[in-house]
Amino acid sequence: MKLPSNQVGISDINTYRDCPVKFEYAIRRWTEGSEPPEAKHRDTMYGSAIHEAIHLAEAEVLTDEEAVQRAFDEFSQYLDPEDMKRLEDDLATYRRRDYRGVRTIANETEVRVPLFKVGGETIYFRGKLDRVYERVDSPGSFIHIDYKSSKWRKTEKEVHEDIQMWAYNMAIFEWWPECQSLTQVYDQLMYGAIPTRKSAAQRAQIKVWLERQVRAILNNQDPKPTFNDWCPYCPLLPDCPEPKRTAEFAAARLSAIAPPEEPDGKLVLDPDLMDVYVAELPELQKAKKAIEEFEAKVKAAIKDMPEAVRAYHGYRLGGRKSDAWTPEALRRAHEIMGDEFYALVKMTKGRVKEYLGSDKPKMEELVARAEKEARQPPVVRLGE
Ligand code: SF4
C-alpha cells in the first residue's frame, strides 16, 4: 500500500489494525483529495468543534461566546441544540484548568517524525498536538495537554497505556530536542485530568512498534476485510461480505452448539455448555449490530428507489396506516376506565422533550416529575 504524503498518524494505524480494507479505502479517499465520509460524522464532530473552540480561544484570545460561535461557523451542520451547552461547559472547564507560569510551545500543531526509509523515501509518523507548554521556571520541562471530549471515561491504567499519548511523547522529544522532561496530561473535559509520563526506553519501544506497524501496512499487497466493533458504522458495510459472513458463521455456530428442539423449533440451552454460550455472546452481539445496520441502510436505499426499480428488486412500500387514538378517543377511554387509564397510557421523557422542547420551563417541570421505576436490570459486561 502507498501512504498519502508518506506519512501516517495513530488513528490511521488503529484503523488498519481494525480492518485493512477500511484503512485502504480511507487513505484512497485522502489521496483523491476528499475525506472519508465517516471522518465527518455527527458523533465524532463534536470533538473537532470543541478542539477548534479551545484553539481559537487561546490563539485569538476570544471570549467563550465568540469561541462557541466560531466553532458553530465551521461545524454548524453537526452541532445539535444540546451541544451549545456542552461547548460552553467544556470551555469553562478548559479555562478553570488553564496553566500558569508556562509559555505556549504548540497549539493544535502538527508535527512529523521520520520513522524509516523505503525505496529512497522517508516515511513519517504524524501527530497533532493540542497544546505543548514549557515551564518558565524550568526551561526544558515540557507539558503536553491532550483534550478529550468523549462521554466515555478512561481510567488511569488506560491513560498510562494509551498508544496515542505514548507515540506523541516520543514525537515531542524528537520534534523539540530542547525538551528534557515531559509530563503529559490526558484532560477529559467531562471528568478529570490524568497525568502520565514515559521513560526513554518506552520511547524507543514505541518508535520500533510504530515502524513495525507501518512496515506491515506497506507490505500488505492484498488487504482483507476484518470484522470489528466499527463495522456497523463503516461506509463499506453495504458492499462488504465480511459482516454477513461472520453473522452466517455465528448463526451456524449457534445452531451447532444450541440446536433448536424438535418439533416446535424452540431454542433450549444446555446448562453444561453455558461457558461456550457466554464466550460466543460478544461476537454474536457485534454481528447482530452490523447486520441490523446493514438492513437499515439497504431498506433506506430501497425506500428511496423509483417505484419501478423497487419493484424490479421485488419490493414495494407497505401501507402507512396504523391504529391511533385521537384526543377525543383518549378522553372517552378515560371516561370508561377512570384512573386505571393512567396505568395504560405511558408518557416518556423523549416524547415530552419532543413536544415541549420550545417551552423549556413546562418541559423541565414535567420531566422533573418522572420517577424511577424498578426494571429488570440489563446484562452488562464487566468494565463497560
Ligand atoms: S464493514 Fe467491517 S469488515 Fe467490511 S470493510 Fe468495513 S470495517 Fe472492514
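Atoms within each ligand, like the ligands themselves, are counted from 1 in listed order. Residue numbers count from 1 along this sequence. Owing to the predicted nature of the structure, the values given are computational and were not obtained by experimental measurement.
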Enumerated ligand 1 atoms positioned under 4.0 Å from heavy atoms of [X]:
X	result
Glu242	3 (S)
Cys240	1 (S), 3 (S), 4 (Fe), 5 (S)
Thr226	3 (S), 8 (Fe)
Cys19	3 (S), 5 (S), 7 (S), 8 (Fe)
Pro225	3 (S)

**Item:** Identity and distance of the protein heavy atom lying nearest atom 2 (Fe) of ligand 1
**Value:**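 Going atom by atom, the protein heavy atom closest to atom 2 (Fe) of ligand 1 ends up being Cys231 SG, 2.3 Å.
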Is any NZ, NE, NH1 or NH2 atom of the basic residue among [X] and [Y] found under 4.0 Å from an Asp or Glu carboxylate oxygen of the other?
X	Y	result
Lys289	Glu292	no
Glu82	Arg86	no
Arg70	Glu74	no
Glu242	Arg245	yes
Glu328	Arg331	yes

**Asked** In terms of the angle between their ring planes, are His51 and Tyr147 parallel, tilted or perpendicular, with boundaries placed at 30° and 60°?
**Response**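 Ring orientation, 0 to 90° scale: perpendicular.
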**Fill in**
Contact region, Asn228 to ligand 1, non-hydrogen atoms below 4.0 Å, reads side chain
**Asked** Short check: any N/O/S atom of Cys234 below 2.8 Å from atom 6 (Fe) of ligand 1?
**Response**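 Short answer: yes, at least one N, O or S atom is under the cut-off.
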